[in-house]
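These numbers were taken from a predicted model, which means no experiment stands behind them.
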Amino acid sequence: MPRQIPFIIANEGCERFSFYGMRNILTPFLISSLLLFLPEAERAGEAKHVFHTFVIGVYFFPLLGGWLADRFFGKYNTVFWLSLVYCAGHACLAAFEDNVKGFYLGLFLIALGSGGIKPLVASFVGDQFDHTNKDKAKVVFDAFYWIINFGSFFASLLMPIFLRDYGASVAFGIPGILMFIATLVFWSGRKKYVHVPPSAANPHSFLNVARTALLAKREGEGRPGLAVATVGVVGAVVSLAMTPSWGFVIAACTALVLLLAFGGIGVSLQLERARGLHPDDAVDGVRGVLRVLIVFALVTPFWSLFDQKASTWIVQANAMLRPTLSLFGSEFQFEPAQMQALNPLLVMLLIPFNNLAVFPLLRKLGWEPTALRRMTAGIALSALSWVAIGTIQVAMDGGTPVSMAWQILPYALLTMGEVLVSASGLEFAYSQAPKSMKGVIMAFWYLAVTVGSLWVLIVNASVKNEAVLGHIANTGLGVMAFQMYFFAAFAFIAALVFGWYATRYRMVNNYLVGSR
(Lines give C-alpha, C1' and ligand atoms only; values in the text may rest on other atoms or scores of the structure.)
Protein backbone atom coordinates (compact mmCIF):
# COMPACT_ATOMS: atom_id res chain seq x y z
CA MET A 1 0.00 0.00 0.00
CA PRO A 2 1.47 3.40 -0.96
CA ARG A 3 2.54 5.29 2.19
CA GLN A 4 0.92 8.50 1.00
CA ILE A 5 -2.64 7.09 0.78
CA PRO A 6 -3.56 7.80 4.46
CA PHE A 7 -2.90 11.51 3.86
CA ILE A 8 -5.40 11.59 0.99
CA ILE A 9 -8.03 9.52 2.82
CA ALA A 10 -7.78 11.69 5.95
CA ASN A 11 -7.99 14.81 3.80
CA GLU A 12 -11.14 13.53 2.11
CA GLY A 13 -12.84 12.62 5.40
CA CYS A 14 -12.23 16.09 6.88
CA GLU A 15 -13.19 17.86 3.64
CA ARG A 16 -16.46 15.96 3.28
CA PHE A 17 -17.38 16.66 6.92
CA SER A 18 -16.59 20.29 6.22
CA PHE A 19 -18.69 20.45 3.05
CA TYR A 20 -21.74 18.55 4.26
CA GLY A 21 -21.53 20.23 7.64
CA MET A 22 -22.12 23.67 6.12
CA ARG A 23 -24.35 22.47 3.27
CA ASN A 24 -26.83 20.67 5.48
CA ILE A 25 -27.43 23.64 7.79
CA LEU A 26 -27.49 26.22 5.00
CA THR A 27 -31.23 26.16 4.30
CA PRO A 28 -32.39 26.33 7.95
CA PHE A 29 -29.89 29.12 8.66
CA LEU A 30 -31.07 31.15 5.69
CA ILE A 31 -34.72 30.81 6.72
CA SER A 32 -34.22 31.45 10.43
CA SER A 33 -31.49 34.11 10.35
CA LEU A 34 -29.98 35.60 7.21
CA LEU A 35 -33.21 36.22 5.27
CA LEU A 36 -35.22 37.75 8.11
CA PHE A 37 -35.37 41.02 6.15
CA LEU A 38 -37.78 39.33 3.71
CA PRO A 39 -41.50 38.79 4.39
CA GLU A 40 -41.96 35.45 6.15
CA ALA A 41 -43.89 33.94 3.22
CA GLU A 42 -40.93 34.56 0.86
CA ARG A 43 -38.08 33.24 3.01
CA ALA A 44 -38.40 29.53 2.20
CA GLY A 45 -38.54 30.17 -1.55
CA GLU A 46 -35.53 32.48 -1.45
CA ALA A 47 -33.60 30.01 0.72
CA LYS A 48 -34.24 27.26 -1.85
CA HIS A 49 -33.11 29.62 -4.62
CA VAL A 50 -29.84 30.44 -2.82
CA PHE A 51 -29.19 26.78 -1.98
CA HIS A 52 -29.65 25.52 -5.53
CA THR A 53 -27.65 28.41 -6.97
CA PHE A 54 -24.84 27.29 -4.67
CA VAL A 55 -25.20 23.67 -5.85
CA ILE A 56 -25.03 24.86 -9.47
CA GLY A 57 -21.71 26.54 -8.70
CA VAL A 58 -20.31 23.50 -6.89
CA TYR A 59 -20.96 21.26 -9.90
CA PHE A 60 -19.97 23.81 -12.55
CA PHE A 61 -16.50 24.66 -11.22
CA PRO A 62 -15.13 21.10 -11.74
CA LEU A 63 -14.70 22.23 -15.35
CA LEU A 64 -12.34 24.97 -14.20
CA GLY A 65 -10.45 22.80 -11.69
CA GLY A 66 -9.91 19.99 -14.19
CA TRP A 67 -8.69 22.42 -16.87
CA LEU A 68 -6.25 24.18 -14.52
CA ALA A 69 -4.83 20.87 -13.28
CA ASP A 70 -4.51 19.21 -16.68
CA ARG A 71 -3.05 22.19 -18.54
CA PHE A 72 -1.11 24.30 -16.07
CA PHE A 73 -0.54 23.35 -12.43
CA GLY A 74 -1.03 19.60 -11.98
CA LYS A 75 -3.45 17.95 -9.55
CA TYR A 76 -1.55 18.54 -6.29
CA ASN A 77 -0.99 22.29 -6.74
CA THR A 78 -4.55 22.86 -7.96
CA VAL A 79 -6.06 20.96 -5.03
CA PHE A 80 -3.84 22.71 -2.49
CA TRP A 81 -4.43 26.30 -3.65
CA LEU A 82 -8.16 25.83 -4.24
CA SER A 83 -8.38 24.27 -0.76
CA LEU A 84 -7.07 27.56 0.64
CA VAL A 85 -9.83 29.37 -1.29
CA TYR A 86 -12.23 26.84 0.23
CA CYS A 87 -10.96 27.71 3.74
CA ALA A 88 -11.42 31.43 3.04
CA GLY A 89 -15.03 30.73 2.07
CA HIS A 90 -15.72 29.02 5.39
CA ALA A 91 -14.12 31.94 7.21
CA CYS A 92 -16.52 34.31 5.43
CA LEU A 93 -19.55 32.25 6.49
CA ALA A 94 -18.45 32.33 10.14
CA ALA A 95 -17.52 36.03 10.08
CA PHE A 96 -20.48 37.35 8.08
CA GLU A 97 -23.37 35.49 9.67
CA ASP A 98 -25.46 38.69 9.64
CA ASN A 99 -24.12 40.22 6.41
CA VAL A 100 -25.79 39.03 3.22
CA LYS A 101 -23.06 40.12 0.78
CA GLY A 102 -20.25 38.75 2.92
CA PHE A 103 -22.08 35.46 3.45
CA TYR A 104 -22.79 35.07 -0.27
CA LEU A 105 -19.12 35.77 -1.01
CA GLY A 106 -18.30 32.86 1.31
CA LEU A 107 -20.70 30.58 -0.59
CA PHE A 108 -19.08 31.59 -3.88
CA LEU A 109 -15.58 30.82 -2.56
CA ILE A 110 -16.72 27.43 -1.21
CA ALA A 111 -18.39 26.58 -4.53
CA LEU A 112 -15.17 27.54 -6.34
CA GLY A 113 -12.92 25.60 -3.95
CA SER A 114 -15.10 22.54 -3.47
CA GLY A 115 -16.11 22.31 -7.11
CA GLY A 116 -12.58 22.97 -8.33
CA ILE A 117 -11.06 20.06 -6.39
CA LYS A 118 -14.01 17.69 -6.91
CA PRO A 119 -12.76 15.99 -10.11
CA LEU A 120 -9.15 15.88 -8.96
CA VAL A 121 -8.92 14.10 -5.60
CA ALA A 122 -10.21 10.72 -6.75
CA SER A 123 -7.99 10.74 -9.85
CA PHE A 124 -5.07 11.86 -7.67
CA VAL A 125 -5.62 8.67 -5.65
CA GLY A 126 -5.34 6.67 -8.87
CA ASP A 127 -2.06 8.41 -9.72
CA GLN A 128 -0.45 6.88 -6.61
CA PHE A 129 -0.65 3.32 -8.00
CA ASP A 130 1.34 1.54 -10.67
CA HIS A 131 1.48 -1.99 -12.07
CA THR A 132 3.19 -3.31 -8.92
CA ASN A 133 0.36 -2.44 -6.53
CA LYS A 134 -2.71 -1.80 -8.68
CA ASP A 135 -4.47 -4.69 -6.91
CA LYS A 136 -4.64 -2.46 -3.81
CA ALA A 137 -6.47 0.33 -5.64
CA LYS A 138 -9.96 -1.17 -5.19
CA VAL A 139 -9.45 -1.37 -1.41
CA VAL A 140 -8.43 2.28 -1.35
CA PHE A 141 -11.35 3.44 -3.49
CA ASP A 142 -13.76 1.51 -1.25
CA ALA A 143 -12.22 3.25 1.77
CA PHE A 144 -12.42 6.53 -0.12
CA TYR A 145 -16.17 6.15 -0.76
CA TRP A 146 -16.78 4.93 2.78
CA ILE A 147 -15.01 7.92 4.36
CA ILE A 148 -17.12 10.29 2.26
CA ASN A 149 -20.32 8.86 3.70
CA PHE A 150 -18.79 8.60 7.18
CA GLY A 151 -17.99 12.32 7.15
CA SER A 152 -21.39 13.18 5.68
CA PHE A 153 -23.23 11.12 8.33
CA PHE A 154 -21.63 12.76 11.35
CA ALA A 155 -21.76 16.22 9.80
CA SER A 156 -25.49 15.82 9.14
CA LEU A 157 -26.05 14.55 12.67
CA LEU A 158 -23.96 17.08 14.62
CA MET A 159 -23.97 20.42 12.81
CA PRO A 160 -27.71 21.17 13.25
CA ILE A 161 -27.16 20.80 17.03
CA PHE A 162 -24.24 23.27 16.95
CA LEU A 163 -26.37 25.70 14.95
CA ARG A 164 -29.22 25.42 17.45
CA ASP A 165 -27.15 25.57 20.65
CA TYR A 166 -24.15 27.75 19.76
CA GLY A 167 -25.20 29.90 16.83
CA ALA A 168 -24.13 30.35 13.23
CA SER A 169 -20.56 31.56 13.78
CA VAL A 170 -19.67 28.36 15.67
CA ALA A 171 -21.73 26.10 13.39
CA PHE A 172 -20.05 27.44 10.25
CA GLY A 173 -16.68 27.86 11.97
CA ILE A 174 -16.31 24.16 12.82
CA PRO A 175 -16.51 23.05 9.16
CA GLY A 176 -13.95 25.76 8.42
CA ILE A 177 -11.58 24.31 11.01
CA LEU A 178 -12.08 20.83 9.53
CA MET A 179 -11.31 22.16 6.05
CA PHE A 180 -8.12 23.80 7.34
CA ILE A 181 -7.11 20.48 8.94
CA ALA A 182 -7.89 18.72 5.65
CA THR A 183 -5.62 21.15 3.79
CA LEU A 184 -2.85 20.79 6.37
CA VAL A 185 -2.99 16.98 6.20
CA PHE A 186 -2.93 17.07 2.40
CA TRP A 187 0.07 19.44 2.44
CA SER A 188 1.90 17.20 4.95
CA GLY A 189 2.12 14.38 2.42
CA ARG A 190 3.46 16.56 -0.42
CA LYS A 191 6.90 14.89 -0.50
CA LYS A 192 5.45 11.39 -0.67
CA TYR A 193 2.95 11.83 -3.51
CA VAL A 194 3.38 10.70 -7.09
CA HIS A 195 3.01 13.92 -9.12
CA VAL A 196 1.79 13.56 -12.70
CA PRO A 197 2.80 16.71 -14.61
CA PRO A 198 0.19 18.68 -16.58
CA SER A 199 -0.16 17.62 -20.20
CA ALA A 200 0.35 19.69 -23.33
CA ALA A 201 -2.62 20.89 -25.35
CA ASN A 202 -4.21 17.99 -27.24
CA PRO A 203 -4.85 18.83 -30.91
CA HIS A 204 -7.35 15.96 -31.01
CA SER A 205 -9.34 16.89 -27.90
CA PHE A 206 -13.12 16.74 -27.75
CA LEU A 207 -13.52 20.45 -28.49
CA ASN A 208 -10.99 20.43 -31.36
CA VAL A 209 -12.67 17.48 -33.06
CA ALA A 210 -16.10 19.05 -32.56
CA ARG A 211 -14.92 22.38 -34.00
CA THR A 212 -13.44 20.65 -37.05
CA ALA A 213 -16.66 18.72 -37.64
CA LEU A 214 -18.80 21.86 -37.52
CA LEU A 215 -16.58 24.01 -39.75
CA ALA A 216 -15.42 21.44 -42.31
CA LYS A 217 -16.85 21.81 -45.82
CA ARG A 218 -17.68 19.15 -48.38
CA GLU A 219 -17.99 19.78 -52.05
CA GLY A 220 -21.62 20.11 -53.09
CA GLU A 221 -22.94 19.76 -49.52
CA GLY A 222 -24.20 22.30 -47.06
CA ARG A 223 -23.40 22.46 -43.37
CA PRO A 224 -26.64 21.47 -41.61
CA GLY A 225 -24.79 20.74 -38.37
CA LEU A 226 -23.37 24.25 -38.27
CA ALA A 227 -26.86 25.66 -38.86
CA VAL A 228 -28.23 23.66 -35.93
CA ALA A 229 -25.35 24.77 -33.69
CA THR A 230 -25.98 28.38 -34.72
CA VAL A 231 -29.57 28.04 -33.53
CA GLY A 232 -28.14 27.06 -30.14
CA VAL A 233 -25.86 30.12 -30.13
CA VAL A 234 -28.79 32.41 -30.97
CA GLY A 235 -30.89 30.76 -28.26
CA ALA A 236 -28.06 31.23 -25.76
CA VAL A 237 -27.80 34.94 -26.62
CA VAL A 238 -31.56 35.35 -26.20
CA SER A 239 -31.38 33.53 -22.87
CA LEU A 240 -28.63 35.84 -21.62
CA ALA A 241 -30.69 38.84 -22.77
CA MET A 242 -33.43 37.63 -20.40
CA THR A 243 -31.12 38.09 -17.40
CA PRO A 244 -33.04 41.10 -16.00
CA SER A 245 -36.27 39.09 -15.74
CA TRP A 246 -34.93 35.55 -15.21
CA GLY A 247 -31.90 36.32 -13.06
CA PHE A 248 -28.29 35.68 -14.08
CA VAL A 249 -28.06 32.07 -12.86
CA ILE A 250 -31.16 30.81 -14.69
CA ALA A 251 -30.27 32.77 -17.84
CA ALA A 252 -26.63 31.63 -17.90
CA CYS A 253 -27.42 27.97 -17.18
CA THR A 254 -30.19 27.92 -19.79
CA ALA A 255 -27.73 29.39 -22.30
CA LEU A 256 -25.25 26.62 -21.45
CA VAL A 257 -27.91 23.93 -21.91
CA LEU A 258 -28.91 25.34 -25.31
CA LEU A 259 -25.27 25.46 -26.46
CA LEU A 260 -24.67 21.87 -25.38
CA ALA A 261 -27.93 20.50 -26.82
CA PHE A 262 -27.87 22.17 -30.24
CA GLY A 263 -24.09 22.07 -30.48
CA GLY A 264 -24.10 18.35 -29.74
CA ILE A 265 -26.77 17.68 -32.37
CA GLY A 266 -24.87 19.78 -34.89
CA VAL A 267 -21.60 17.97 -34.25
CA SER A 268 -23.27 14.56 -34.59
CA LEU A 269 -24.70 15.55 -37.99
CA GLN A 270 -21.26 16.41 -39.42
CA LEU A 271 -18.88 14.35 -37.29
CA GLU A 272 -17.65 12.15 -40.13
CA ARG A 273 -16.14 15.25 -41.75
CA ALA A 274 -13.53 15.28 -38.98
CA ARG A 275 -12.28 11.82 -39.99
CA GLY A 276 -8.97 12.07 -41.74
CA LEU A 277 -8.24 15.40 -40.11
CA HIS A 278 -8.21 13.71 -36.70
CA PRO A 279 -7.39 10.08 -35.77
CA ASP A 280 -10.26 7.62 -35.97
CA ASP A 281 -10.13 6.91 -32.23
CA ALA A 282 -10.59 10.64 -31.48
CA VAL A 283 -13.59 10.90 -33.81
CA ASP A 284 -15.12 7.69 -32.41
CA GLY A 285 -14.47 9.03 -28.91
CA VAL A 286 -16.47 12.18 -29.62
CA ARG A 287 -19.34 10.08 -30.99
CA GLY A 288 -19.23 7.96 -27.84
CA VAL A 289 -19.36 11.08 -25.64
CA LEU A 290 -22.36 12.46 -27.57
CA ARG A 291 -24.24 9.17 -27.08
CA VAL A 292 -23.50 9.24 -23.36
CA LEU A 293 -24.65 12.87 -23.16
CA ILE A 294 -28.19 11.76 -24.04
CA VAL A 295 -28.10 9.40 -21.05
CA PHE A 296 -26.81 12.19 -18.81
CA ALA A 297 -29.54 14.57 -20.02
CA LEU A 298 -32.20 12.02 -19.04
CA VAL A 299 -30.63 11.71 -15.57
CA THR A 300 -30.91 15.45 -14.80
CA PRO A 301 -34.48 15.10 -13.45
CA PHE A 302 -33.13 12.70 -10.82
CA TRP A 303 -30.62 15.30 -9.61
CA SER A 304 -33.37 17.92 -9.43
CA LEU A 305 -35.18 15.64 -7.00
CA PHE A 306 -32.17 14.40 -5.06
CA ASP A 307 -30.64 17.73 -4.07
CA GLN A 308 -33.96 19.06 -2.76
CA LYS A 309 -33.65 16.83 0.28
CA ALA A 310 -31.42 19.60 1.66
CA SER A 311 -33.85 22.38 0.71
CA THR A 312 -37.53 21.52 0.09
CA TRP A 313 -37.55 18.56 2.48
CA ILE A 314 -36.01 20.63 5.28
CA VAL A 315 -38.62 23.35 4.68
CA GLN A 316 -41.30 20.68 5.12
CA ALA A 317 -39.62 19.22 8.22
CA ASN A 318 -39.60 22.67 9.85
CA ALA A 319 -43.40 22.47 10.00
CA MET A 320 -43.52 18.88 11.35
CA LEU A 321 -43.55 17.48 14.88
CA ARG A 322 -40.03 16.77 16.09
CA PRO A 323 -39.48 13.27 17.56
CA THR A 324 -37.97 13.09 21.04
CA LEU A 325 -35.58 10.33 22.07
CA SER A 326 -35.00 9.42 25.72
CA LEU A 327 -31.35 8.48 26.21
CA PHE A 328 -29.64 7.78 29.56
CA GLY A 329 -32.29 9.74 31.45
CA SER A 330 -32.14 12.78 29.13
CA GLU A 331 -34.42 13.74 26.32
CA PHE A 332 -33.00 14.50 22.87
CA GLN A 333 -35.11 16.29 20.26
CA PHE A 334 -34.27 15.86 16.58
CA GLU A 335 -33.68 18.89 14.38
CA PRO A 336 -35.14 18.98 10.83
CA ALA A 337 -31.71 19.15 9.18
CA GLN A 338 -30.61 16.00 11.04
CA MET A 339 -32.94 13.91 8.90
CA GLN A 340 -30.31 14.18 6.17
CA ALA A 341 -28.06 11.88 8.21
CA LEU A 342 -30.33 9.06 7.03
CA ASN A 343 -28.95 9.40 3.50
CA PRO A 344 -25.25 8.51 4.10
CA LEU A 345 -26.23 5.93 6.72
CA LEU A 346 -28.52 4.16 4.26
CA VAL A 347 -25.91 4.44 1.48
CA MET A 348 -23.39 2.56 3.63
CA LEU A 349 -25.99 -0.16 4.24
CA LEU A 350 -27.58 -0.41 0.79
CA ILE A 351 -24.45 -0.74 -1.35
CA PRO A 352 -23.26 -4.00 0.28
CA PHE A 353 -26.88 -5.23 0.56
CA ASN A 354 -27.44 -4.72 -3.18
CA ASN A 355 -24.11 -6.31 -4.15
CA LEU A 356 -24.42 -9.30 -1.81
CA ALA A 357 -28.15 -9.99 -1.90
CA VAL A 358 -30.33 -8.10 -4.39
CA PHE A 359 -28.23 -8.28 -7.56
CA PRO A 360 -27.27 -11.98 -7.15
CA LEU A 361 -30.95 -12.83 -6.58
CA LEU A 362 -31.99 -10.96 -9.73
CA ARG A 363 -29.35 -12.81 -11.73
CA LYS A 364 -30.61 -16.16 -10.42
CA LEU A 365 -34.09 -15.14 -11.58
CA GLY A 366 -32.66 -14.55 -15.07
CA TRP A 367 -32.66 -10.74 -15.02
CA GLU A 368 -29.27 -9.08 -15.39
CA PRO A 369 -29.13 -5.73 -13.50
CA THR A 370 -27.11 -3.81 -16.10
CA ALA A 371 -26.01 -0.24 -15.38
CA LEU A 372 -28.77 1.27 -17.53
CA ARG A 373 -31.45 -0.95 -15.98
CA ARG A 374 -30.29 0.00 -12.49
CA MET A 375 -30.37 3.68 -13.42
CA THR A 376 -33.91 3.36 -14.82
CA ALA A 377 -35.07 1.79 -11.57
CA GLY A 378 -33.24 4.45 -9.56
CA ILE A 379 -34.99 7.33 -11.34
CA ALA A 380 -38.37 5.62 -10.80
CA LEU A 381 -37.62 5.11 -7.09
CA SER A 382 -36.75 8.80 -6.73
CA ALA A 383 -40.14 9.61 -8.26
CA LEU A 384 -41.83 7.32 -5.71
CA SER A 385 -40.03 9.15 -2.91
CA TRP A 386 -41.59 12.40 -4.07
CA VAL A 387 -45.04 10.83 -4.24
CA ALA A 388 -44.50 9.87 -0.60
CA ILE A 389 -43.22 13.31 0.45
CA GLY A 390 -46.08 14.98 -1.46
CA THR A 391 -48.67 12.79 0.29
CA ILE A 392 -47.18 13.82 3.64
CA GLN A 393 -47.49 17.46 2.59
CA VAL A 394 -51.16 16.99 1.62
CA ALA A 395 -51.86 15.59 5.09
CA MET A 396 -50.09 18.56 6.67
CA ASP A 397 -51.97 21.04 4.50
CA GLY A 398 -55.19 19.39 5.67
CA GLY A 399 -54.33 20.23 9.28
CA THR A 400 -53.09 16.80 10.38
CA PRO A 401 -50.06 17.01 12.73
CA VAL A 402 -47.32 14.83 11.20
CA SER A 403 -44.10 13.64 12.83
CA MET A 404 -40.74 14.07 11.08
CA ALA A 405 -40.35 10.31 11.43
CA TRP A 406 -42.67 9.95 8.42
CA GLN A 407 -39.88 11.34 6.26
CA ILE A 408 -37.91 8.12 6.81
CA LEU A 409 -39.88 6.42 4.00
CA PRO A 410 -39.15 9.04 1.30
CA TYR A 411 -35.51 9.26 2.47
CA ALA A 412 -35.18 5.48 2.10
CA LEU A 413 -36.73 5.50 -1.39
CA LEU A 414 -34.59 8.44 -2.52
CA THR A 415 -31.38 6.85 -1.19
CA MET A 416 -32.21 3.58 -2.95
CA GLY A 417 -32.56 5.65 -6.11
CA GLU A 418 -29.26 7.43 -5.46
CA VAL A 419 -27.34 4.18 -5.02
CA LEU A 420 -28.72 2.84 -8.29
CA VAL A 421 -28.27 6.05 -10.31
CA SER A 422 -25.07 7.61 -8.99
CA ALA A 423 -22.77 4.60 -8.66
CA SER A 424 -24.18 2.95 -11.80
CA GLY A 425 -23.89 6.19 -13.75
CA LEU A 426 -20.20 6.51 -12.96
CA GLU A 427 -19.61 2.88 -13.95
CA PHE A 428 -21.57 3.38 -17.17
CA ALA A 429 -19.76 6.61 -18.08
CA TYR A 430 -16.32 5.11 -17.46
CA SER A 431 -17.05 2.01 -19.54
CA GLN A 432 -18.48 3.95 -22.51
CA ALA A 433 -15.84 6.66 -22.80
CA PRO A 434 -12.57 5.97 -24.64
CA LYS A 435 -9.40 6.62 -22.65
CA SER A 436 -8.82 10.03 -24.23
CA MET A 437 -12.37 11.19 -23.40
CA LYS A 438 -12.79 9.99 -19.81
CA GLY A 439 -12.03 13.43 -18.37
CA VAL A 440 -14.61 15.02 -20.66
CA ILE A 441 -17.21 12.48 -19.59
CA MET A 442 -16.65 13.26 -15.89
CA ALA A 443 -17.01 16.98 -16.57
CA PHE A 444 -20.36 16.37 -18.27
CA TRP A 445 -21.44 14.11 -15.39
CA TYR A 446 -20.98 16.99 -12.95
CA LEU A 447 -22.77 19.34 -15.35
CA ALA A 448 -25.79 17.01 -15.20
CA VAL A 449 -26.10 17.88 -11.49
CA THR A 450 -25.90 21.58 -12.37
CA VAL A 451 -28.75 21.20 -14.87
CA GLY A 452 -30.78 19.30 -12.25
CA SER A 453 -30.64 22.33 -9.97
CA LEU A 454 -31.51 24.56 -12.93
CA TRP A 455 -34.86 22.73 -13.25
CA VAL A 456 -35.50 23.46 -9.56
CA LEU A 457 -34.79 27.17 -10.01
CA ILE A 458 -37.10 27.35 -13.04
CA VAL A 459 -39.96 25.60 -11.22
CA ASN A 460 -39.52 27.78 -8.13
CA ALA A 461 -39.52 30.91 -10.28
CA SER A 462 -42.66 29.78 -12.13
CA VAL A 463 -44.76 29.52 -8.95
CA LYS A 464 -44.33 33.27 -8.49
CA ASN A 465 -46.44 33.78 -11.62
CA GLU A 466 -50.09 34.67 -10.93
CA ALA A 467 -51.43 32.49 -13.76
CA VAL A 468 -49.49 29.47 -12.49
CA LEU A 469 -50.66 30.09 -8.93
CA GLY A 470 -54.25 30.27 -10.18
CA HIS A 471 -53.88 26.93 -11.94
CA ILE A 472 -52.42 25.34 -8.80
CA ALA A 473 -55.32 26.72 -6.73
CA ASN A 474 -57.79 25.01 -9.09
CA THR A 475 -56.19 21.62 -8.36
CA GLY A 476 -57.10 21.85 -4.68
CA LEU A 477 -53.47 21.32 -3.68
CA GLY A 478 -51.17 23.68 -1.81
CA VAL A 479 -48.23 25.16 -3.74
CA MET A 480 -45.63 22.94 -2.05
CA ALA A 481 -47.66 19.75 -2.48
CA PHE A 482 -48.30 20.59 -6.14
CA GLN A 483 -44.57 21.13 -6.73
CA MET A 484 -43.78 17.81 -5.05
CA TYR A 485 -46.21 15.89 -7.27
CA PHE A 486 -44.94 17.82 -10.30
CA PHE A 487 -41.36 16.71 -9.62
CA ALA A 488 -42.58 13.13 -9.10
CA ALA A 489 -44.31 13.18 -12.50
CA PHE A 490 -41.21 14.79 -14.05
CA ALA A 491 -39.06 11.92 -12.80
CA PHE A 492 -41.57 9.20 -13.80
CA ILE A 493 -41.61 10.55 -17.36
CA ALA A 494 -37.80 10.70 -17.35
CA ALA A 495 -37.65 7.07 -16.14
CA LEU A 496 -39.94 5.93 -18.96
CA VAL A 497 -37.94 7.77 -21.62
CA PHE A 498 -34.66 6.59 -20.06
CA GLY A 499 -35.86 2.97 -20.06
CA TRP A 500 -36.93 3.26 -23.69
CA TYR A 501 -33.57 4.74 -24.73
CA ALA A 502 -31.71 2.11 -22.70
CA THR A 503 -33.23 -0.68 -24.82
CA ARG A 504 -31.82 0.99 -27.94
CA TYR A 505 -28.42 1.93 -26.59
CA ARG A 506 -25.57 -0.20 -27.94
CA MET A 507 -23.10 -0.84 -25.13
CA VAL A 508 -19.34 -0.82 -25.70
CA ASN A 509 -16.48 -1.77 -23.38
CA ASN A 510 -13.77 0.82 -22.90
CA TYR A 511 -12.30 -0.38 -19.61
CA LEU A 512 -8.54 0.07 -19.52
CA VAL A 513 -7.47 -3.57 -19.67
CA GLY A 514 -4.27 -4.14 -17.71
CA SER A 515 -3.95 -0.51 -16.64
CA ARG A 516 -4.10 0.91 -13.16
Side-chain angles (χ1 to χ4, degrees), residues 48-49 51-63 111 115 118-119 232 235-236 239 246 249-265 289-312 371-372 374-386 414-415 417-429 432-433 440-462 483-484 486-502 505:
K48 289 164 62 177
H49 180 85
F51 177 85
H52 288 284
T53 299
F54 170 70
V55 171
I56 283 174
V58 169
Y59 288 94
F60 175 79
F61 284 121
L63 289 174
K118 188 174 289 292
S239 176
W246 290 359
V249 175
I250 293 178
C253 289
T254 303
L256 178 63
V257 170
L258 291 171
L259 286 174
L260 288 174
F262 285 91
I265 294 171
V289 169
L290 293 176
R291 292 169 66 237
V292 172
L293 276 183
I294 298 174
V295 175
F296 286 2
L298 294 173
V299 173
T300 59
F302 165 79
W303 293 116
S304 69
L305 273 62
F306 178 76
D307 278 323
Q308 287 190 78
K309 67 181 172 55
S311 59
T312 303
L372 291 179
R374 297 197 301 268
M375 293 170 73
T376 303
I379 299 171
L381 283 169
S382 71
L384 281 176
S385 74
W386 277 73
L414 187 65
T415 305
E418 177 202 0
V419 168
L420 293 174
V421 170
S422 185
S424 303
L426 290 172
E427 173 194 338
F428 166 80
Q432 299 308 291
V440 175
I441 282 291
M442 289 311 303
F444 282 130
W445 176 255
Y446 289 124
L447 277 180
V449 185
T450 289
V451 176
S453 280
L454 171 63
W455 304 145
V456 179
L457 293 185
I458 291 173
V459 171
N460 286 343
S462 69
Q483 284 181 282
M484 289 171 170
F486 172 84
F487 278 111
F490 187 35
F492 271 128
I493 293 171
L496 289 173
V497 177
F498 190 99
W500 170 81
Y501 183 71
Y505 185 92

Colleague: Could you grab the distance from atom CG of Leu454 to atom NE2 of His52, nearest 0.5 Å is fine?
Modeller: 11.5 Å

Colleague: With a 4.5 Å cut-off on side-chain heavy atoms, are Val451 and Trp455 touching?
Modeller: yes

Colleague: Checking the side chain of Ser422 only, and the main-chain atoms of Glu418 only, is there a donor and an acceptor separated by less than 3.5 Å?
Modeller: no

Colleague: Quick check: closest heavy atoms across Leu305 and Ser382, and the distance to 0.1 Å?
Modeller: CD2-O, 3.5 Å

Colleague: How long is the straight-line distance from CG of Leu372 back to CZ of Phe498, given to the nearest 0.5 Å?
Modeller: 5.0 Å

Colleague: Heavy atoms only: give me the nearest Ile56-Cys253 pair and the separation to one decimal.
Modeller: CG2-SG, 3.6 Å

Colleague: Report the relative orientation of the aromatic rings in Trp445 and Phe296; use parallel for angles under 30°, tilted for 30 to 60°, perpendicular for over 60°.
Modeller: perpendicular

Colleague: Check whether any side-chain heavy atom of Val292 lies under 4.5 Å from a side-chain heavy atom of Phe444, and answer yes or no.
Modeller: no

Colleague: Give a yes or no on whether Phe60 atom CZ has more than 12 heavy-atom contacts from other residues, nucleotides or ligands under 6.0 Å away.
Modeller: no

Colleague: Answer whether the closest heavy-atom distance between the side chains of Leu256 and Leu447 falls below 4.5 Å.
Modeller: yes

Colleague: Calculate, to the nearest 0.5 Å, the distance between atoms CG and NE2 belonging to Asn460 and His49 respectively.
Modeller: 9.0 Å

Colleague: Taking atom CG of Leu420 and atom CZ of Phe302, what is their separation to the nearest 0.5 Å?
Modeller: 9.0 Å

Colleague: So which heavy atom on Ala491 is nearest to which on Ala383, and how close?
Modeller: CB-CB, 3.6 Å

Colleague: Would you give the length of the straight line joining atom CG of Leu63 to atom OG1 of Thr450, rounded to the nearest 0.5 angstrom?
Modeller: 8.0 Å

Colleague: As a quick check of understanding, evaluate side-chain contact (heavy atoms from CB on, under 4.5 Å) for Lys48 and Gln483, giving each step before the final call.
Modeller: CA-CA 13 Å; Lys48 289 164 62 177; Gln483 284 181 282; 4.1 Å; yes

Colleague: Tell me whether the centres of the aromatic rings in Phe428 and Tyr505 are closer together than 6.0 Å.
Modeller: yes

Colleague: Report yes if some heavy atom in the side chain of Val295 is under 4.5 Å from a heavy atom in the side chain of Leu298; otherwise report no.
Modeller: no

Colleague: If you look at every heavy atom in Ser304 and Gly452, which pair is closest and at what distance?
Modeller: CB-O, 3.0 Å

Colleague: Where is the tightest heavy-atom contact between Ala495 and Ala380, given as atom of each residue plus distance?
Modeller: CB-N, 3.9 Å

Colleague: Please identify each residue that fulfils side-chain contact (heavy atoms from CB on, under 4.5 Å) with Ala251, with sequence neighbours left out.
Modeller: Ser239, Thr243, Trp246

Colleague: Can you name the closest pair of heavy atoms from Val58 and Lys118 and give their distance?
Modeller: CG1-CE, 3.8 Å

Colleague: Nearest 0.5 Å, please: how far is CG in Leu496 from OG1 in Thr376?
Modeller: 9.5 Å

